[in-house]
Amino acid sequence: MWSPCVACATTIPFFERGLVVVNEQPRPYGSLDELTSQLADVQTDVYCIDPVTNRQTALVTAGSLLDQIANRDMIELIQHGEFESHLQPIVHLDTGERFGYEALLRSRNDISPGQLFQAANRFGLHSKLDQRARAEAIKATYHAVLPHEKTFINFLPSTIYNPDYCLQHTFEVIDRYDLSPDRFIFEVVETEKVQDVAHLQHVFSTYKKRGMKVALDDVGAGFSTLDMLKRLEPDYVKIDRSYISFCDQDAEKRAFLKNVRQLTRTMGITLLAEGIERAEEVDVCRELGFDLAQGYYFGKPAPYAL
């Protein structure tokens, strides 16, 4: 039986009424508005107690607790709100047939993914949100992706503190839906910002041991390509859309794409072009020998029908 790490299990409860402990002295409050008033001039660490259940909040500064209360709706959305995955098609460039989809997290109340992850990082809930995003992507695969197709699922390495524990929830969701692990490709986003390569190697290894594939996303010229590819051994590489956009009109971009294609081909890595919006970009990537492509030209992310 696995045990979740502290980050994966982090929750921020809100007690509508209870006790707030300031300088070891409990003070009753009858509403969150009253609690906010009580904390207005407090400079020390505080925590709240629900006298009915004896549950406690974490010890935080009064300012941090006020910030949590002010952003309660967003925090509750991240922890308990309804999410879904929208699916964007990925196609074989040589035949145009669908290879699979990328699953992208969306909230039911139209808050952008960027806002969600920014808030999650701010309040220490980024591991929980990333975990929920993976679970929704697996659910979408069960309901809408054909058995021979693949699903790309994003993850941030910084949200996975200990892969041996943090990824068990994801593996359990796959088992719960009785899906084959080889239907999933887990892609690390913001590849060029990765600093702890050894940690990412551990994450990749954990996925691969369970029969899944791994990918590097957003790869561009700033990426130390050869060294990183040798160390991480990804199954797929996705080229950042900035190098795809209008590549038919930019010789430097085409030279970069050609070099990456040659390198990945020698290493047996499948290469995908992201952000394709024009037929001319399709032609360039096909001529260069790219394997897969995605972008608005082939289809926008869309909700799936149950």
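Computed from heavy atoms alone, side chains included, the values below leave out hydrogens, waters and symmetry copies.
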Worksheet item: Can you tell if the side chain of Ile153 reaches within under 4.5 Å of the side chain of Phe184, non-hydrogen atoms only?
Response: yes

Discussion item. Other residues, nucleotides and ligands only: do more than 12 of their heavy atoms fall within 6.0 Å of NZ on Lys253?
Written reply: yes

Fill in: Rounded distance [0.5 Å steps], CZ in Arg134 versus OG in Ser85
12.0 Å

Worksheet item: Under 4.5 Å between any side-chain heavy atoms of Asn259 and Phe256, yes or no?
Response: no

Practice prompt. Please check if atom CZ in Phe83 has more than 12 non-hydrogen atoms from other residues, nucleotides or ligands closer than 6.0 Å.
Written response: yes

Item to complete: Take Tyr304 and Lys139 through the side-chain contact (heavy atoms from CB on, under 4.5 Å) test and state the conclusion after the steps.
Response: CA-CA 11 Å; Tyr304 60 91; Lys139 176 183 175 182; 3.9 Å; yes

Worksheet item: So Ser31 and Asp33, side-chain hydrogen bond (donor to acceptor under 3.5 Å, both in side chains) or not? Walk me through it.
Response: CA-CA 5 Å; Ser31 68; Asp33 287 340; 5.1 Å; no

Worksheet item: Which value, rounded to the nearest 0.5 Å, describes the distance between Thr270 atom OG1 and Lys150 atom NZ?
Response: 10.5 Å

Fill in: Over all atoms of both residues, closest heavy-atom pair of Pro89 and Gln294
O-CB, 3.5 Å

Practice prompt. Verify the neighbour count for atom CG of Asp178: are there more than 12 heavy atoms of other residues, nucleotides or ligands below 6.0 Å?
Written response: no

Worksheet item: Backbone N or O of Leu146 within a donor-acceptor pair of the Glu149 side chain at under 3.5 Å?
Response: yes

Worksheet item: Less than 4.5 Å apart, any side-chain heavy atom of Arg122 and any of Asn71?
Response: yes

Worksheet entry | Side-chain (Thr206) to main-chain (His202) donor-acceptor, under 3.5 angstrom | yes

Fill in: Shortest non-hydrogen contact from Val214 toward Glu233
CG2-O, 4.5 Å

Worksheet item: Would a hydrophobic clustering, with Ile, Leu, Val, Met, Phe, Trp and Tyr connected at side-chain separations under 4.5 Å, put Phe290 with Val219?
Response: yes

Worksheet item: Between Val203 and Val188, is any pair of side-chain heavy atoms under 4.5 Å apart?
Response: no

Practice prompt. Report yes or no: do Ile185 and Leu105 belong to one cluster of Ile/Leu/Val/Met/Phe/Trp/Tyr joined by side chain heavy-atom distances under 4.5 Å?
Written response: no

Discussion item. For Phe123 versus Ile12, what's the shortest heavy-atom pair and its separation?
Written reply: O-CD1, 3.6 Å

Worksheet item: With under 30° as parallel and over 60° as perpendicular, where do the rings of His92 and Phe99 fit, or are they tilted in between?
Response: perpendicular

Worksheet item: If you count the non-hydrogen atoms of other residues, nucleotides and ligands that lie under 6.0 Å from CD in Glu76, is the total more than 12?
Response: yes

Discussion item. Once rounded to the nearest 0.5 Å, what's the spacing between atom SG of Cys285 and atom CG of Leu271?
Written reply: 8.5 Å

Worksheet item: Side chains of Thr53 and Asp50: donor-acceptor distance under 3.5 Å anywhere?
Response: yes

Worksheet item: Hey, which of Val20, Leu65, Leu59 is the one that makes side-chain contact (heavy atoms from CB on, under 4.5 Å) with Tyr47?
Response: Leu59

Fill in: Of Val260, Thr266, Ile269, the residue whose pairing with Leu229 passes side-chain contact (heavy atoms from CB on, under 4.5 Å)
Ile269

Fill in: Cation-pi check, Arg55 onto Phe15 ring (under 6.0 Å, within 45° of axis)
no

Worksheet item: How long is the span from the NE2 atom in His199 to the CZ atom in Phe204, to the nearest 0.5 Å?
Response: 11.0 Å

Discussion item. Regarding Asp291 and Arg261, does a basic nitrogen lie under 4.0 Å from an acidic carboxylate oxygen?
Written reply: yes

Discussion item. If I take atom CD from residue Gln56 and atom CG from residue Leu19, how far apart are they, to the nearest 0.5 angstrom?
Written reply: 10.0 Å

Practice prompt. Give the intermediate values and the outcome of side-chain contact (heavy atoms from CB on, under 4.5 Å) for residues Arg231 and Leu200.
Written response: CA-CA 10 Å; Arg231 293 180 66 183; Leu200 183 54; over 6 Å; no

Item to complete: Begin from the C-alpha positions of Leu156 and His126 and carry the test side-chain contact (heavy atoms from CB on, under 4.5 Å) through to its verdict.
Response: CA-CA 9 Å; Leu156 286 165; His126 47 295; 6.0 Å; no

Item to complete: Kindly say whether Arg183 contributes a backbone atom to a donor-acceptor pair with the side chain of Ser180 at under 3.5 angstrom?
Response: no

Worksheet item: For Phe298 and Leu93, which heavy atoms make the closest approach, and how far apart are they?
Response: CZ-CD2, 4.5 Å

Discussion item. Which heavy atom of Ala293 sits nearest to which heavy atom of Leu272, and what is that distance?
Written reply: N-CG, 4.1 Å

Worksheet item: Taking the six-membered ring of Tyr296 as reference, does the NZ or CZ atom of Lys300 fall below 6.0 Å from its centre and within a 45° cone about the axis?
Response: yes

Worksheet item: Is the shortest side-chain N to carboxylate O distance from Glu274 to Lys238 below 4.0 Å?
Response: yes

Practice prompt. Scan side-chain atoms only and decide if Thr151 and Thr141 contain a donor-acceptor pair under the 3.5 Å cut-off.
Written response: yes

Worksheet item: Should Ile90 and Ile138 be counted in the same cluster of Ile, Leu, Val, Met, Phe, Trp and Tyr side chains packed under 4.5 Å apart?
Response: no

Worksheet entry | N/O donor-acceptor pair under 3.5 Å between Glu34 side chain and Gly30 backbone | yes

Worksheet item: Looking at side-chain heavy atoms only, is the closest gap between Cys48 and Tyr29 below 4.5 Å?
Response: yes

Worksheet item: Does the pair Asp250/Arg254 count as a salt bridge with the N-to-O cut at 4.0 Å?
Response: no

Worksheet item: In terms of side-chain heavy atoms, does Ser112 have a donor or acceptor partner in Gln115 at a distance below 3.5 Å?
Response: yes

Worksheet item: When clusters are formed by joining ILVMFWY residues with side-chain heavy atoms under 4.5 Å apart, either directly or through shared neighbours, do Leu66 and Ile49 land in the same one?
Response: no

Worksheet item: salt bridge (charged side-chain N to carboxylate O under 4.0 Å, His left out) between Asp218 and Arg241: does it pass, once the steps are laid out?
Response: CA-CA 7 Å; Asp218 306 317; Arg241 69 179 306 274; over 6 Å; no

Practice prompt. Flag yes if more than 12 heavy atoms outside Arg17 fall under 6.0 Å of its CZ atom; otherwise flag no.
Written response: no

Worksheet item: Looking only at heavy atoms, what is the nearest atom pair of Leu104 and Pro301, with distance?
Response: CD1-CG, 3.5 Å

Item to complete: Show the numbers, then the answer: is there a side-chain contact (heavy atoms from CB on, under 4.5 Å) between Met212 and Ile174?
Response: CA-CA 11 Å; Met212 300 158 202; Ile174 291 173; 3.4 Å; yes

Worksheet item: Quick check, are the ring centers of Tyr236 and Phe152 under 6.0 angstrom apart?
Response: yes

Discussion item. Counting C-beta onward and ignoring hydrogens, is there a side-chain heavy-atom pair between Val145 and Leu87 closer than 4.5 Å?
Written reply: yes

Worksheet item: Donor-acceptor pair, Glu281 side chain versus Arg278 backbone, under 3.5 Å?
Response: yes

Worksheet item: Can you hop from Val60 to Val42 via hydrophobic side chains spaced under 4.5 Å?
Response: yes

Discussion item. For Arg210, run the salt bridge (Lys or Arg N to Asp or Glu O under 4.0 Å) check against Asp175, Asp182, Asp164 and tell me which one passes.
Written reply: Asp175

Discussion item. Rounded to the nearest 0.5 Å, what separates atom CG in Leu125 from atom CG in Leu77?
Written reply: 11.0 Å

Worksheet item: Below 4.0 angstrom, N of the basic side chain to O of the carboxylate: do Arg132 and Glu84 qualify?
Response: no

